[in-house]
Asker: 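Got a structure for you, written out below as structure tokens; questions coming shortly.
Ligands are counted one by one from 1 in listed order, and the atoms in each one are counted from 1 as well. Counting begins at 1 with the first residue of the sequence. The basis for the numbers below is simple: all heavy atoms, side chains too, and nothing from hydrogens, waters or symmetry mates.
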Amino acid sequence: MVQRILLWMMISFCQVMVIAAVTDPNDLAVLNALKSGWENLPPDWKGSDPCGSNWEGINCTDSRVTTLVLAGMGVKTTDIGDIPSLSMLQYLDLSNNKEIKAILPQSIQNLKNLTTLILIGCSFRGPIPDSIGSLKQLVFLGLNNNSFTGPIPPSIGNLNNLSWLDLSDNQLSGPIPVSNPPAPGLDNLMKTKHFHLSNNQLSGPIRSKLFNSNMSLIHLRLDSNSLVGEVPEELANLESLSELYLSNNNLNGSVPELLGMNSIFYVDMSNNSFDKSDIPAWITLPSLTTMVLSSNRISGTLDVGNRYSSDLIVDLTNNSITTFTQSSGYNLSLNLDNNPICEDGATGRYCSAGKPDPPDGLPSNECAQVRCGSNKVLSPNCKCSSPYTGTIFFFSHSFSNLDNTTYYTTLRDTLISAFRSNQLPVDSVSISNPTIGEYLQYRLHIFPSGEDYFTRSAVSSIGTVINRQLFSLPYYGPSFFLDESYCCFPGKKSSKHGIIIGVAVGGFVIVLLIASAITYAVYQKKQAKKAKLSSPFTSWGFDSSDAGDAPQLKGTRWCSFEELQRATNRFSEENIIGSGGYGKVYKGTLDSGHVVAIKRAQQGSLQGAQEFKTEIELLSRIHHKNVVSLVGFCYEQGEQMLVYEYISNGSLKDNLSGKFT
Ligand SMILES: *[C@@H]1O[C@H](CO)[C@@H](O)[C@H](O)[C@H]1NC(C)=O
Ligand SMILES: *[C@@H]1O[C@H](CO)[C@@H](O)[C@H](O)[C@H]1NC(C)=O
Ligand SMILES: *[C@@H]1O[C@H](CO)[C@@H](O)[C@H](O)[C@H]1NC(C)=O
Ligand SMILES: *[C@@H]1O[C@H](CO)[C@@H](O)[C@H](O)[C@H]1NC(C)=O
Ligand SMILES: *[C@@H]1O[C@H](CO)[C@@H](O)[C@H](O)[C@H]1NC(C)=O
Ligand SMILES: *[C@@H]1O[C@H](CO)[C@@H](O)[C@H](O)[C@H]1NC(C)=O
Ligand SMILES: *[C@@H]1O[C@H](CO)[C@@H](O)[C@H](O)[C@H]1NC(C)=O
Ligand SMILES: *[C@@H]1O[C@H](CO)[C@@H](O)[C@H](O)[C@H]1NC(C)=O
Ligand SMILES: *[C@@H]1O[C@H](CO)[C@@H](O)[C@H](O)[C@H]1NC(C)=O
Ligand SMILES: *[C@@H]1O[C@H](CO)[C@@H](O)[C@H](O)[C@H]1NC(C)=O
């Protein structure tokens with residue numbers, strides 16, 4: 001009976017293997033061709049069964065490749081190969097590979113099942129093929145930040161399912177296509193919520209058809225192009241619009257009417273030639289938080305009424321406004337600099353509002369400022385690891401006080417929970433270098449959990465989570481992410497030579513350690529009383545400007561006095577496991593649950609700062625079975641403590657008995 005069951009199990013298992021393991025020969029050939037033509041593909045692309053052996057970045061359904069995600073992997077190629085013949089592909093994301101300098105071929109039309117095409121931040125060139133309009137299942141099309149040229153294909157209007165259209169940051173030219181039945185145009189895109197066409201060379205007038213009342217646009221970005229003429233009044237048809245960008249064009253006539261847009265919160269029409277003399281009535285819309293009309297030709301009297309929202313920001317710099325009826329008692333943030341009303345020593349607070357100060361950024365983490373090894377950075381959770389870094393660009397934000405940390409913590413927490421809910425091994429995220437220009441941008445450090453580096457598929461998925469906007473984030477508009485090539489994919493450097501060198505160096509370090517211990521023991525006697533605790537550790541930093549003082553540590557972290565106090569139950573007698581001329585050794589449990597041995601130097605045995613630092617650096621580099629490894633140190637409140645891994649047998653005593661230090 002048992003044998004029968006076993007046999008049955010074996011047969012079923014083999015059947016499962018056979019069914020799941022065979023990749024369609026055509027798809028296999030396509031991937032193998034990529035493997036020989038593209039550089040920097042994942043090293044696990046081995047064998048003859050991408051679907052069965054789970055090649056990184058590839059997912060299959062019924063032996064056919066349905067997902068190809070190689071975002072941020074440093075792929076290098078001038079040719080996208082035969083990807084268009086992966087005919088069951090649904091999801092293609094090659095974003096953040098600046099070395100993909102290819103054209104998008106007409107044959108892309110073969111990907112009939114494609115729902116998502118993300119090529120953000122590569123170097124695609126040439127025209128966007130007209131055939132893209134046959135990808136009827138497309139929901140998300142992100143071609144921004146490439147070098148596409150030529151017109152926007154009108155056929156994009158055939159993409160009935162499209163929700164997101166981003167063609168910004170390219171060199172597209174010509175008019176914005178509208179339909180001319182039977183020829184399609186962008187006004188046919190009834191389900192699309194985002195039109196991002198910024199930063200191209202689009203020209204001509206904006207056609208009234210573009211603003212069809214059946215459209216569902218929430219974000220409309222036409223800024224930084226060469227559009228001319230008046231903005232059609234049909235714009236007011238877009239009742240769900242929340243953000244509107246028309247800045248940096250040559251638009252003229254009246255400032256467009258937006259009354260009826262009850263969700264609008266961010267409007268930028270700066271640097272055009274709008275000349276309506278009254279301030280537009282839509283300033284009273286309760287949803288509005290930011291209105292930028294700087295560098296136009298708006299003249300006459302400004303009357304803001306009193307129905308504007310109290311946290312409204314209005315920028316009217318560089319216009320022709322001569323009078324302001326409520327020069328006192330208004331409470332919006334108003335800037336009228338560079339208008340006639342602010343000339344000749346005018347003192348209104350609206351005249352000197354100026355640009356907001358650059359924000360300070362986030363408060364830094366509360367870890368000790370230790371220095372991590374090469375390619376490693378201290379995470380907000382005080383762990384050295386290799387973060388994935390890059391810049392997140394926000395199209396807009398609804399707040400003016402960039403120093404309010406709520407906005408940073410919200411962003412950070414939202415990203416972390418988005419990563420975690422997509423099963424990504426992210427430990428923490430830090431945000432720095434806020435900059436405001438065309439975009440609000442922050443530098444992101446995304447730290448791995450578990451291992452101290454990310455795998456390729458994790459890096460890829462992180463890019464996808466941000467670029468695909470898989471989270472909902474208050475206070476900010478949509479964003480995109482451009483990375484800095486990831487330093488530290490596993491399997492990049494380790495080699496047999498590395499191991500041999502490692503062993504040799506390890507042996508050398510042990511000899512060095514013993515030698516230095518002897519030297520130190522002699523030295524310590526002389527130095528004992530001179531120890532000065534203030535310098536130079538007070539300035540241990542982890543940025544390069546401080547490289548001179550920061551100890552070079554490997555896997556060793558700083559511990560606070562309080563933490564070690566907690567760990568040892570206030571250094572209670574019961575926790576003492578050894579003592580000697582140098583001081584006492586305590587057994588303790590860190591907040592993390594880690595059991596450790598803490599060697600606390602007593603007064604009189606304190607070392608000089610430089611010696612202590614050298615010792616920590618030396619100990620932190622040793623990982624050898626006969627030497628307990630140093631997991632941390634404490635250097636504050638007049639204390640010098642070393643925290644070792646706790647080993648319960650006798651070897652602990654040998655190692656801590658003071659022979660070394
Ligand atoms: C492939 O599928 C697995 C399981 O459904 C999923 O966890 C993983 O994220 C997918 N990989 C890609 C690259 O989409
Ligand atoms: C792919 O498209 C074909 C039609 O072209 C359709 O029959 C099939 O169901 C689609 N497959 C998936 C997985 O959506
Ligand atoms: C595309 O739209 C059609 C109907 O318009 C619908 O049946 C199909 O499921 C949609 N595809 C996607 C990927 O949303
Ligand atoms: C991508 O966007 C960034 C930020 O706007 C810009 O500095 C860079 O030049 C862009 N690259 C391309 C190829 O458009
Ligand atoms: C909007 O949709 C309705 C119903 O589908 C249709 O009758 C109307 O013609 C459409 N309007 C425009 C401007 O296309
Ligand atoms: C607006 O610009 C268009 C095109 O540049 C021009 O023909 C028209 O005369 C301008 N209108 C006004 C009122 O300046
Ligand atoms: C104003 O817009 C034009 C494009 O119409 C652009 O060339 C120029 O740099 C912009 N000026 C400012 C100050 O942004
Ligand atoms: C002021 O606006 C005009 C267009 O109205 C523009 O040409 C000029 O460059 C702007 N000046 C500044 C300082 O932005
Ligand atoms: C200013 O804003 C506050 C709310 O912050 C509001 O109560 C007050 O009425 C406003 N003042 C005026 C003059 O609108
Ligand atoms: C910071 O912003 C939040 C959210 O808008 C707000 O609730 C909070 O009061 C602000 N804090 C300060 C100090 O302005």
Asker: More than 12 heavy atoms of other residues, nucleotides or ligands under 6.0 Å from CD of Q171: yes or no?
Answerer: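 Atom CD in Q171 is packed in, count exceeds 12.
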Asker: Just one of N271, N338, N318 clears the side-chain hydrogen bond (donor to acceptor under 3.5 Å, both in side chains) bar with S295, so which one?
Answerer: N318
Asker: Determine if the distance from atom 2 (O) of ligand 5 to the closest protein heavy atom is below 4.0 Å.
Answerer: yes
Asker: Using a 4.0 Å cut-off to any heavy atom of N212, which atoms of ligand 5 qualify?
Answerer: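 Counting from 1, the qualifying ligand atoms are 12 (C), 13 (C), 14 (O).
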Asker: Among protein heavy atoms, which sits nearest to atom 6 (C) of ligand 5, and what does the distance come to when rounded to 0.1 Å?
Answerer: N214 ND2, 4.0 Å
Asker: Between D483 and K98, is a salt bridge (charged side-chain N to carboxylate O under 4.0 Å, His left out) present by the stated rule, with each step listed?
Answerer: CA-CA 10 Å; D483 75 353; K98 287 165 207 79; 3.3 Å; yes
Asker: Hey, is atom 14 (O) of ligand 10 under 4.0 Å from any protein heavy atom?
Answerer: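 For atom 14 (O) of ligand 10 the answer is yes, since some protein heavy atom falls inside 4.0 Å.
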Asker: Considering N250, N318, N271, N249, which one's heavy-atom position lies nearest to atom 12 (C) of ligand 7?
Answerer: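 When every heavy atom of N250, N318, N271, N249 is considered, N271 comes closest to atom 12 (C) of ligand 7.
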Asker: Should F393 and Y442 count as side-chain neighbours, where that means a heavy-atom distance under 4.5 Å?
Answerer: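 Heavy-atom side-chain distance check fails, nothing below 4.5 Å.
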Asker: Which option, D223, N272, L227, N248, owns the non-hydrogen atom nearest atom 4 (C) of ligand 7?
Answerer: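 Among D223, N272, L227, N248, the closest heavy atom to atom 4 (C) of ligand 7 belongs to N248.
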Asker: Can any side-chain N or O of S131 pair as donor or acceptor with the backbone N or O of Q106 at less than 3.5 Å?
Answerer: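 Between the backbone of Q106 and the side chain of S131 there is a qualifying donor-acceptor contact (under 3.5 Å).
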Asker: How close do L172 and P151 get, counting heavy atoms only, and between which atoms?
Answerer: CD2-O, 4.4 Å
Asker: Distance to 0.1 Å, residue and atom name: give those for the protein heavy atom nearest to atom 11 (N) of ligand 10.
Answerer: N404 ND2, 2.9 Å
Asker: Among all the protein's heavy atoms, is there at least one whose distance to atom 9 (O) of ligand 10 comes out below 4.0 Å?
Answerer: no
Asker: What protein heavy atom is closest to atom 5 (O) of ligand 10, reported as residue, atom name and distance in Å?
Answerer: Y407 OH, 2.9 Å
Asker: Examine distances only and state if a side-chain atom of N225 and a backbone atom of L202 form a donor-acceptor pair shorter than 3.5 Å.
Answerer: yes
